[in-house]
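In the text below, chain A, chain B and the rest are named by the order of the sequence lines, each starting its count at 1.
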Amino acid sequence: MNYNNIKNSLNDAKTIIPCVWPLKSFIATNPLWDAIDNSLFTTASEVAKFLDVQITLDIKTYARYFAERKISKRNIAQAAKALTAWSPEEISSFTALIMQDDCIAKLAALEERLAELSINHGTFTHQIAAAHNRAILTESLQDIFNFYARYFSKEQFNSLIKSYCFENDLTEIDAYDYIEMRCRQLQLSDSERTVYFKHILASTIGYAGFVKWLEQRPNNPLFKTAAYTDDLIAIWLLAEEHLARQYPKIQFNKQQMLNTQVNLAFKPLDASFDLGVKSCTNPSLALIKFILHSAWENRYVEKMENMLASQPYLHAVNDAKAQFIFCIDTRSESIRRHLESVGNYETYGFAGFYGITMECQSTNTKTRLLSPAICEPALTLQTYKINSDLSNTYQTITNAIQLSKQNGAAALNLYDMVGAWHPLITSAKNLFPSAMKKLSQYIMNPAEHIRLPKNDKVNVDAIATQIAGVLKAIGLVDNFSPYVFVCGHEAETTNNPYHASLECGACGGNSGFLNAKVFCAYANKIEVRKALSALNIDIPSTTTFIAACHQTTTDEFIFDDNKISKNSLYHSITESVTTACARNRAEKVSDTAFPLYADNHASWCELVPEAGLVNNAMLVIGPRHITQPHNLQRRSFLHSYNHQQDSDGKILEGIMTAPMVVAHWINMQYFFSSTSPNVYGSGNKALHNVLGDIGVLEGNGGDMKIGLPLQSVSYRSELLHEPRRLAVFIYAPKERVDAIIAGNPTLQHLVHGNWLHLRVIEPKA
Amino acid sequence: MNLREELTYGTRVKNTIKRFHLDAIPKWCTSVICFLWVTSVAAIIADINIKPIIIPLFQIHGLPVELSFCIDRLTLLMMCAVTMISLFVHQYSIRYLKFDTEQNRFMLQLSLVTVAVLFFVFSGNLLTAFIGWQLIGFSLYLLLNHYHYEAEANRSAKKKFIINRIGDLCFLTAVIVCYKAFGTSEFGLLLQQGTSDTSTLILGLLFVAVMTKTAQFPFHIWLPDTMQTPTPVSALMHAGVINSGGILLAKLSPWLIQNQLVMQSIFWVGFITMAIGALVMRKQPDIKKKLAYSTMSQMGYMIMQCGIGSFALAIFHLMMHGFYKSSQFMNAGEVSHTKSIVYRESNRFNDVILSMAMVAIIATCTLFVMGAIHNPIYVIFMMALAAVCTKTIYRHVKSPRELFYSLAAITLAMLVYIGLSYVFESFLSGVVTNMITVNGLQIAASSILAIAFIALSDKPVSPVYQRKLSLEKIYRTYLLAPFRKCGEIINNRLVITTTLVGMVTLATLILSLSPYRDATIWAMIFATVIGSNNASTPTRFIALVTLSQLGVLALLTYNSEQFPLSFITYYLVTTAAILLPILLISRTRNVSGSYSTEIKNVNKLTHQRFYFAVCAMLLIGAPGSAMLVNELGIFSSFYQLSFTYIALYATYLLFLTISVLHALQYFVFNKSVYLDATSKLHFVYHVIFITAILFNIISGIYPFIQLGA
């Protein structure tokens with residue numbers, strides 16, 4: 001056993017936990033991203049040993065879908081064929097049996113019982129707790145979590161293990177030495193050790209996930225300190241050794257650890273269930289549910305495929321009044337639809353960072369990361385605000401109050417002094433939230449100005465290539481209108497720790513406005529235009545790029561048009577935009593799911609300011625004309641792509657490896673937050689307790705929460721989000737798509753491992 | 001293409017909304033609170049002063065059970081503050097809990113807590129205050145338990161309730177002693193009693209009750225753990241409920257002020273709490289814990305002010321703190337996007353900083369010396385505030401103009417504040433005593449603390465030290481663990497224990513060893529109640545509780561010269577009427593596991609569990625229950641026997657509370673199999689339970705027989 005062995009075990013173990021981004025950049029990820037080498041079901045059944053992961057809804061829901069004819073027997077048979085190696089007879093008998101009432105009743109009863117039966121024997125701590133008293137586990141975990149919470153919120157986590165030793169009066173030790181020693185005491189072999197580590201990490205999934213992010217992103221601008229997973233594991237083992245000494249009678253049972261299965265639904269059913277499957281072992285409950293789930297999804301995918309393929313005409317807008325480039329976000333779908341209905345406008349979709357990856361440093365806000373999770377920032381942008389005396393004074397006084405509040409002696413009378421004004425402030429916030437929001441914005445946030453990086457000549461070509469990449473990808477290389485609007489999007493919320501989850505995911509959970517501004521600033525530069533024409537993109541000098549911002553909570557548009565001469569055309573465009581926004585709002589209000597969200601986003605008591613990306617289910621990569629006639633109900637990511645301008649498939653490969661993956665991550669975040677809310681969801685938002693800039697706790701403490709809160713995906717006890725895996729439709733020749741998939745292992749895993757559905761729609765001549 | 005078929009989630013939501021056609025309840029609750037607030041404002045303007053309003057109910061052993069209310073400036077002011085905070089919280093919750101399945105229940109409970117606090121605020125005698133006090137405890141337990149399916153919520157609600165229960169029992173003892181010694185518990189009459197050992201005892205006991213309610217050291221441990229409940233509850237609790245201790249002290253102020261021993265202990269308890277709260281607060285990782293410890297520190301300060309006799313300022317503090325703290329809680333979801341403060345590193349300013357800070361401090365001092373408030377503790381901490389503010393401003397400003405503005409704003413705020421406290425003091429001068437007596441030690445300790453906090457504000461506090469200060473571990477190891485261990489032993493050897501206890505009891509009874517008779521019965525009572533704490537099934541739990549209640553009954557009969565037969569009958573009937581139905585329900589075990597298509601609402605109790613919980617609550621003497629009447633009767637009769645009996649009986653009630661709350665946790669809120677969730681309750685059971693509950697409540701408010709003249 002040496003250093004490298006342990007390192008390997010650790011790296012292996014880490015695959016089952018997600019990468020957790022801090023609150024400021026709450027980026028959606030697939031929580032099982034590091035384990036996509038296997039299919040979704042295989043990975044889930046592996047992870048189910050350690051965590052109570054679920055990839056489906058409960059069985060009654062499918063029974064209801066069956067009754068509502070959302071699943072047919074044919075769908076079930078197809079899904080069973082795709083997911084199992086059963087013979088046709090077995091499949092037909094399975095299909096015949098599964099949807100009978102008594103079978104569903106039996107399975108539903110089993111489902112409930114399994115949840116109660118499950119006992120985790122994963123670690124020694126769990127075993128002691130199971131043998132002695134369940135409360136021991138809670139107490140022991142609470143100690144560890146409290147320790148983490150203290151250190152993580154203070155960003156002091158450089159040598160976690162040393163601090164832990166100090167706090168618990170232990171002699172300082174090296175994490176690796178200790179792990180090695182402890183593993184030897186427990187007599188764990190290399191492979192067993194990995195399993196053990198997995199159990200430990202699964203028990204502290206929130207903090208471990210955050211540490212995993214820190215390890216993967218040593219150069220991130222948000223947290224400068226480093227933390228290591230081995231510290232986490234060593235701390236667990238230390239606490240465990242201490243606990244074991246208190247209960248000397250209980251011995252570590254290795255076999256029990258190896259046999260632990262936290263989610264028993266992944267174990268094969270016993271013989272009392274006869275589902276007509278004779279040739280191999282009885283299927284597990286999870287598999288049965290997964291077959292039903294896939295059947296349900298397949299039906300939807302089929303419908304959508306038929307709908308998109310039946311596209312009757314090829315639409316070509318010439319001389320559009322203006323062109324709009326939107327983010328691929330599902331919320332852009334409806335605003336694009338309405339905008340097109342208002343006038344002769346062309347809309348395009350591209351990931352909301354518009355090829356500009358940057359890190360934004362500002363004078364009075366913390367550094368932000370304005371780029372997708374999979375890219376490293378290329379630019380460093382400086383922003384500044386021109387503060388008035390009023391805002392400066394306000395900030396100074398706020399700081400004085402903040403510091404006094406933290407000082408034990410000064411806080412005492414401060415509460416009286418400040419409290420005397422608070423009835424006014426509180427009632428104003430309760431009664432006139434929008435006015436208060438505007439007032440505080442007026443005082444605190446004057447407009448943010450950008451300062452482009454100075455050194456031009458070197459950058460210009462690179463920037464031009466980026467811009468050309470964007471324009472070529474969406475197929476906007478000629479027929480430029482006089483105005484091209486590049487629209488970022490942002491959300492306006494108050495008092496919401498999950499603010500970043502409603503912002504642009506491609507801009508690192510920030511507003512996409514800055515990226516749009518930078519894009520336009522460069523695209524309007526004469527040097528860049530020259531460089532672009534060298535790349536075969538001739539933008540007429542009459543064309544102006546204008547950055548705009550779609551506020552998704554209020555459905556309002558902001559234009560960055562201070563330096564632009566406005567003619568009547570421009571005014572008519574802005575009017576159209578206003579109309580489109582109004583229509584979009586009206587659609588949201590009439591949609592039964594939306595009145596709940598839309599009344600007052602600026603209010604501080606609003607837990608769900610907007611629906612966000614609820615019900616996202618598909619991604620269409622192709623020209624707008626295939627989706628234009630359809631109302632996609634804000635369920636679809638739309639990425640523009642013109643297969644005719646991409647003979648070598650490079651652009652499509654780019655789209656499939658970046659935006660498609662990001663859409664898949666967002667989709668999976670919603671998927672897992674609604675199917676296994678206890679593991680990958682962050683629980684009840686009404687209980688949330690913010691832990692520094694890092695994450696949230698639920699109530700008194702415990703593990704840091706990951707994923708989306710219950711309120712984001714459900715209303716009261718109803719699930720609003722229908723957890724469907726992403727259905728990707730690509731409008732391109734099939735050979736090209738196949739070639740790209742064949743050349744990229746990640747895509748192979750995604751497509752063949754059932755992580756998403758991929759359908760190719762052959763272009764018509 | 002029509003997507004309707006696929007997109008029926010909208011219709012599902014519609015159905016959900018339809019099901020909750022009681023949507024107006026939250027708004028109704030808010031309107032009621034709003035009305036109360038408007039009333040209080042009108043009453044303050046009209047300067048209504050009525051006291052006392054006495055509603056006699058009945059008598060037990062010459063103990064007149066009568067409700068008494070008084071309306072004066074203090075109570076109206078407190079009503080105004082409490083309803084205002086409650087109104088904010090109500091308004092906030094309408095939206096905040098829109099997504100909660102049980103929003104209506106939540107809002108009603110929120111209003112119930114407010115009403116309980118108002119009941120307490122308006123009380124005119126100790127007995128009424130006690131009933132209000134208990135009502136606050138019970139209603140807050142419900143609110144803290146809003147997500148009762150979560151073990152953690154349950155645990156923290158239980159912890160709060162038990163610690164509060166210690167105070168409740170002290171309060172009850174004080175009430176009884178007060179009646180027995182002085183014949184009255186009217187606040188207005190008590191101040192004439194002067195100082196005596198009895199009054200010290202009463203005030204001491206009441207102060208213990210205040211300590212548990214306002215989270216004073218060493219009873220503060222419940223406060224930071226109450227976050228497993230929706231944010232508005234924390235806002236209300238930390239602003240409108242926790243300060244009821246301060247109100248009680250203010251009501252007692254004319255009497256308290258005569259007793260220097262109690263005043264001194266009040267000051268020092270407040271001082272320690274304030275210091276510990278402030279120390280522990282600094283390094284709390286999460287926002288809500290930070291706010292909780294801050295509340296603890298502020299409550300300590302409030303109690304300190306009471307301890308030096310500055311009751312008006314204490315009331316002012318608890319009101320203003322309430323406004324600010326509720327706002328802070330409601331805003332707790334805000335993640336700060338601004339940079340942490342970067343100090344300017346200019347030496348040019350350093351001298352100016354110091355001198356200006358000094359000037360500011362001297363100015364404040366002068367104001368105080370000249371001005372209205374002759375309260376040295378207040379001056380010390382005001383100076384600390386001035387120092388920290390000026391220091392921050394000087395290190396942060398960028399231009400002279402900004403410097404001027406900020407200084408002007410802070411000075412103005414301070415002046416307004418001082419003016420307000422002065423106005424407040426004079427407003428309350430007729431109602432609340434304001435005689436400040438401070439000794440050198442108190443001033444010295446406060447100054448040293450203030451200086452230490454300012455000087456060491458950047459020094460980290462060792463986490464080890466912090467953990468020790470929070471006392472949690474100590475309670476666990478030395479109090480809870482032995483208690484649990486005893487319960488386990490008794491439970492594991494149940495047959496042997498019961499036989500032994502029975503034989504010894506029989507022997508003492510037969511041999512009529514009267515000196516040992518009561519002792520033996522006490523031993524039996526305690527053994528059974530401790531055993532019931534760890535009972536493994538509801539049946540066993542009820543059996544043990546019944547045994548212990550029988551023990552109490554035996555005590556009553558053996559000391560029958562103290563207890564008239566009518567009272568014993570009453571006790572027997574009311575207790576049996578609660579215990580038997582519970583016994584009945586804990587035996588109906590039905591595990592059918594039938595499949596139903598309905599979506600189960602985890603936040604709702606089944607009928608069995610609900611009845612079990614209600615009966616258990618009645619068993620431990622919820623306000624208005626017959627058990628409370630029994631407690632009063634037993635306490636007042638034991639007073640004639642010996643004070644030890646009162647202490648023993650109070651301890652017994654505490655133990656009973658603990659075991660009942662554990663039983664609730666294990667059998668009702670946790671998903672145990674004993675009170676099965678799926679089986680439907682027979683019609684007869686409903687009748688039995690509703691009768692039993694109504695009987696208990698009615699006989700608690702108006703006993704059906706004469707309980708002794």
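Only the backbone of P224(B) comes within contact range of chain A, with heavy atoms under 4.5 Å apart. Contact of T226(B) with chain A is made through the backbone alone, with heavy-atom distances under 4.5 Å. Residue V233(B): no heavy atom, backbone or side chain, is found under 4.5 Å from chain A. Of the atoms belonging to L687(A), heavy atoms from both backbone and side chain fall under 4.5 Å from chain B. Heavy atoms closer than 4.5 Å to chain A are found in both the backbone and the side chain of M330(B). Contacts of M302(B) with chain A are absent, with no heavy-atom separation under 4.5 Å from either backbone or side chain. Both the backbone and the side chain of D416(A) come within contact range of chain B, each with at least one heavy atom under 4.5 Å from a heavy atom of that chain. If you measure heavy-atom distances from I401(A) to chain B, the contacts under 4.5 Å come from the side chain alone. Only the side chain of I397(A) comes within contact range of chain B, with heavy atoms under 4.5 Å apart. Within the 4.5 angstrom heavy-atom criterion, no atom of D58(A) approaches chain B. In this structure, the portions of A413(B) lying under 4.5 Å from any heavy atom of chain A include both its backbone and its side chain. For L23(A), the part sitting under 4.5 Å from any heavy atom of chain B is the side chain, from C-beta outward, and nothing else.
Here T396(A) is the residue among T493(A), L390(A), L691(A), T396(A) with the most heavy-atom pairs under 4.5 Å with chain B. Per-residue heavy-atom pair counts under 4.5 Å with chain B were compared for P497(A), P423(A), G692(A), and the maximum is reached by P423(A). In terms of non-hydrogen atom pairs under 4.5 Å with chain B, the most contact-rich of L710(A), L697(A), V418(A), T494(A) is V418(A). Most heavy-atom pairs under 4.5 Å with chain A: of the set Y405(B), F316(B), F88(B), this distinction falls to F88(B). Chain A forms more heavy-atom pairs under 4.5 Å with one residue of T229(B), L420(B), N331(B) than with any other, namely N331(B). In terms of heavy-atom pairs under 4.5 Å with chain A, the best-connected choice from P285(B), S93(B), S327(B), A450(B) is P285(B).
Of all non-hydrogen atoms in K289(B) and N689(A), the two that sit nearest each other are N-ND2, 4.5 Å. Scanning both residues, C389(B) and S404(A), for their nearest heavy atoms gives SG-OG, 3.6 Å. Of all non-hydrogen atoms in L97(B) and A686(A), the two that sit nearest each other are CD2-CB, 4.1 Å. Closest of all the heavy-atom pairs between Q328(B) and K405(A) is NE2-NZ, 3.0 Å. Of all heavy-atom pairs between S714(A) and F99(B), the closest is O-CD2, 3.2 Å. A pairwise comparison of heavy atoms in L607(A) and Y96(B) identifies CD1-O, 3.0 Å as the closest pair.
Atoms OG and CE, on S427(A) and M84(B) in that order, are 6.0 Å from each other to the nearest 0.5 Å. Separation of atoms CG (D225(B)) and CG (N700(A)) is listed at 5.0 Å; rounding is to 0.5 Å. Here NE2 of H321(B) is found 12.5 Å from CG of N413(A). Values are rounded to the nearest 0.5 Å. Atom CE of M320(B) is separated from atom CE of M417(A) by 13.0 Å, given to the nearest 0.5 angstrom. Rounding to the nearest 0.5 Å places OH of Y415(A) at 12.5 Å from CG of L385(B). Within the model, atoms CD of Q228(B) and CD of E698(A) stand 6.0 Å from one another, a figure rounded to the nearest 0.5 Å.
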Exercise for the section: Under the side-chain contact (heavy atoms from CB on, under 4.5 Å) rule, what do K98(B) and V608(A) come out as? Steps first, then yes or no, please. Expected result: CA-CA 10 Å; K98(B) 193 85 196 162; V608(A) 186; over 6 Å; no

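A side-chain donor-acceptor contact under 3.5 Å links Q298(B) to the backbone of A411(A). Judged by distance alone, the side chain of S406(B) and the main-chain N or O of T393(A) form no donor-acceptor pair under 3.5 Å. Side-chain atoms of D286(B) do not come within 3.5 Å of backbone N or O of V690(A) as any donor-acceptor pair.
No more than 12 heavy atoms of other residues, nucleotides or ligands lie within 6.0 Å of OH in Y394(A), so this atom counts as exposed by the packing criterion.
The aromatic rings of Y324(B) and H422(A) are tilted relative to each other, their planes meeting at an angle between 30° and 60°. In this structure, Y92(B) and W604(A) have perpendicular ring planes: the angle between them is above 60°, well past the 30° mark.
Not less than 6.0 angstrom separates the ring centroid of F323(B) from the ring centroid of W421(A).
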